[in-house]
Amino acid sequence: MEFRERTIILGVTGGIAIHKSLDLASQLVKSGASVHVVMTENATRLVQPLQFQVISRNPVLLNLFDAGTDWKPPHIDLADRADLLAIVPATANIIGKLANGIADDALSTVAVSVHCPILLAPAMNGHMYQNPFVQRNLSTLKTHGVHFIEPASGDLACGYEGVGRLNKVEMILERASNILVSTASLETQDLQGTRILVTAGATREYIDPVRFITNRSSGKMGYAIAEAAAQRGAEVQLISGTATVPPPIGIEIQHVETTVEMHDAVLQAFNETNIIIMAGAPADYRPSEYTPHKIKKSADTLTLPLERNPDIAQALGEQKTDQTLVCFAAETNDLLENAQEKLVRKNCDLIVANDILEEGAGFQSDTNIVTLLDRDGTCEQLPRSSKRDVADAILTKVVSIRSGTK
């Protein structure tokens with residue numbers, strides 16, 4: 001695993017799973033990492049800081065006002081040296097602080113000071129984890145590129161059974177290693193000088209003034225791709241239908257509602273674009289006629305005639321010259337066969353295929369399980385990963401296609 005000569009800040013909060021953080025610290029040190037532990041006050045009531053100090057072989061930061069030997073404030077010193085901040089366990093309290101930019105203790109102040117990746121491993125009661133306020137905070141952090149190792153399900157310390165257990169230490173180590181490897185590969189800014197157009201979210205096809213046809217797309221995958229591309233140096237334009245998460249900050253975004261609007265916006269920007277990633281979910285059909293007044297309930301059944309919407313990806317495939325076209329294939333059966341057929345029919349350079357019925361994949365999920373198929377017949381299946389990690393894998397594949405090194 002990628003830890004040798006890496007500086008890891010291990011943030012430890014007052015969750016009952018704190019004992020696993022001791023094991024995590026030990027494994028990181030054995031793997032060659034320089035580990036610096038920052039504990040909250042509540043964490044010190046469960047485990048003595050001395051235990052972390054002995055394991056990490058470094059002083060434990062508890063208070064920003066403790067006298068040090070260096071002129072530099074301790075949180076800035078750590079932030080400048082860190083390759084990764086991992087908060088394990090991450091309680092609802094620290095998640096809420098980070099999502100709202102609150103810095104009122106050593107750990108939260110370090111967290112808003114770092115300019116390295118952040119990995120959170122939530123652990124709490126299942127009702128707390130599923131609370132809408134906590135989920136909103138999690139969504140906010142994910143939108144801003146914070147990485148997560150999702151909690152596991154099982155017996156909880158509070159007596160409940162369900163989601164909320166801290167994931168296994170091995171899983172946390174693997175996730176941290178993957179983040180460090182991915183971060184290292186991004187230091188070259190491999191998309192500098194490239195214009196990327198990304199579509200995201202669901203379109204709406206109106207039946208009458210109050211009703212419409214849509215789908216379950218949340219926009220998470222497209223937004224993750226747009227943000228990852230920008231961080232790799234690309235100039236990104238995002239064309240988005242309806243989404244359930246906030247759009248990434250600092251990225252040019254054009255909002256559309258219908259498939260026709262998305263079609264027109266994409267084709268207008270197409271000639272000035274190097275890479276097009278069709279992560280949006282435009283509706284295939286729309287009502288043949290729009291009723292200007294609300295349709296009143298009358299008969300037991302209602303027949304709704306539909307007509308085909310323009311196929312955006314097909315249009316791009318027919319017009320592209322030196323552009324790289326990436327399409328998605330969300331399927332419920334015959335995944336690879338359907339994806340391959342779409343790759344050829346729409347003249348795509350890369351297809352991102354996923355089975356939306358598979359657990360941990362598809363619409364509204366924070367993770368995805370995808371297979372990448374290119375025109376040379378290469379088929380690469382990725383393990384279940386966060387949508388941000390999937391975004392980076394897609395972009396890395398696109399770079400290799402454009403450079404001819406695939």
Side-chain angles (χ1 to χ4, degrees), residues 1-4 6-13 15 17-18 20-29 31-40 43 52 56 61 75 78-79 81-99 107-124 129 134 137-152 164-187 224 227-228 231 360 366-368 383-393:
M1 291 190 180
E2 185 67 24
F3 296 116
R4 187 163 301 281
R6 298 290 192 143
T7 299
I8 311 293
I9 302 176
L10 177 58
V12 182
T13 66
I18 191 174
K20 292 186 179 180
S21 299
L22 291 166
D23 184 21
L24 178 62
S26 176
Q27 295 295 332
L28 287 169
V29 171
S31 298
S34 175
V35 179
H36 298 263
V37 178
V38 184
M39 299 180 70
T40 64
F52 280 106
S56 68
L61 181 59
H75 61 290
L78 279 179
R81 289 189 283 149
D83 295 301
L84 176 70
L85 167 60
I87 301 180
V88 184
T91 58
N93 184 51
I94 193 66
I95 289 169
K97 286 182 179 181
L98 267 60
L107 180 54
S108 57
T109 304
V110 167
V112 300
S113 303
V114 296
H115 35 90
C116 64
I118 299 175
L119 171 63
L120 301 185
M124 64 195 77
Y129 181 71
V134 174
N137 289 333
L138 289 169
S139 179
T140 297
L141 293 172
K142 289 170 184 174
T143 300
H144 292 291
V146 174
H147 302 272
F148 286 84
I149 180 76
E150 300 295 334
R165 289 172 58 92
L166 184 68
N167 217 311
K168 295 178 180 179
V169 170
E170 324 66 281
M171 297 290 293
I172 298 173
L173 286 167
E174 182 179 352
R175 187 80 169 85
S177 177
N178 290 341
I179 292 169
L180 290 171
V181 171
S182 176
T183 302
S185 69
L186 301 185
E187 292 176 354
E227 186 171 61
Q231 291 188 2
D366 292 322
T367 59
N368 212 345
R384 184 170 70 173
S385 308
S386 71
K387 288 190 172 177
R388 176 51 191 267
D389 285 351
V390 172
D392 275 317

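Everything quoted here is computed from the prediction, not taken from an experiment. Below, each value reflects all heavy atoms present in this structure, side chains not excepted, and no hydrogens, waters or symmetry copies.
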Query raised in the report: Between Val112 and Leu98, does a side chain to side chain contact (heavy atoms under 4.5 Å, CB included) hold up when you go through it step by step?
Result: CA-CA 7 Å; Val112 300; Leu98 267 60; 5.8 Å; no

Query raised in the report: Considering residues at least two apart in sequence or located in another chain, which fulfil the side chain to side chain donor-acceptor pair (under 3.5 Å) criterion with Arg384?
Result: none

Report task. May I have the step-by-step check of side chain to side chain contact (heavy atoms under 4.5 Å, CB included) for Leu120 and Ile95, ending in yes or no? Result -> CA-CA 8 Å; Leu120 301 185; Ile95 289 169; 4.2 Å; yes

**Report entry** Side chain to side chain, Asp366 and Leu138, heavy atoms closer than 4.5 Å
**Finding:** no

Query raised in the report: Can you name the nearest heavy-atom pair linking Ala121 to Val88, along with the distance?
Result: CB-CG2, 3.9 Å

Query raised in the report: Does any non-hydrogen side-chain atom of Ser108 lie less than 4.5 Å from one of Ile94?
Result: yes

Report summary line: Correct closest heavy-atom pair for Ala33 and Ile8 would be CB-CG1, 3.9 Å

Query - salt bridge (Lys or Arg N to Asp or Glu O under 4.0 Å) involving Lys97 - partner list, sequence neighbours excluded - result: Asp104, Asp105

**Report entry** Rounded distance [0.5 Å steps], CG in Leu173 versus CG in Asp23
**Finding:** 8.0 Å

Query raised in the report: Is there a donor-acceptor pair under 3.5 Å between the side chain of Arg175 and the backbone N or O of Phe148?
Result: yes

Report summary line: Tightest non-hydrogen contact, residues Ser21 and Pro89, listed as OG-CD, 3.3 Å

Query raised in the report: Less than 4.5 Å apart, any side-chain heavy atom of Val35 and any of Phe52?
Result: no

Report task. Would you sort out whether Met124 and Thr91 count as a side chain to side chain contact (heavy atoms under 4.5 Å, CB included), showing the intermediate values? Result -> CA-CA 6 Å; Met124 64 195 77; Thr91 58; 5.6 Å; no

Report summary line: Rounding to 0.5 Å, atoms CG (Leu166) and NZ (Lys20) come to a distance of 5.0 Å

Requested in this report: Find the distance between CZ (Arg6) and OG (Ser34) and round it off to the nearest 0.5 Å.
Outcome: 12.5 Å

**Report entry** Distance-minimising heavy-atom pair for Ala25 and Leu10
**Finding:** CB-CD2, 3.8 Å

**Report entry** Minimum side-chain heavy-atom gap Met171-Ile149 below 4.5 Å
**Finding:** yes

Query raised in the report: Are any of the side-chain heavy atoms of Asn93 and Thr40 separated by less than 4.5 Å?
Result: no

Query raised in the report: Closest heavy-atom contact between Ser177 and Phe3?
Result: N-CZ, 3.7 Å

Query raised in the report: When rounded to the nearest 0.5 angstrom, what is the spacing between CD in Gln27 and CD in Glu170?
Result: 8.0 Å

Query raised in the report: Looking at CD of Glu227 and CG of Asp392, how far apart are the two atoms once the value is rounded to the nearest 0.5 Å?
Result: 10.0 Å

Query raised in the report: With no hydrogens and no angle check, is any side-chain donor or acceptor of Asn167 less than 3.5 Å from a backbone partner on Glu150?
Result: yes

Requested in this report: Quick one: closest heavy-atom pair of Pro122 and Pro151, and the distance?
Outcome: O-CB, 3.6 Å

Query - Asp83 side-chain N/O to Thr7 backbone N/O, donor-acceptor pair under 3.5 Å - result: yes

Report task. Look up atom SG in Cys116 and atom CG in Leu78, then write down how far apart they are to the nearest 0.5 Å. Result -> 10.0 Å

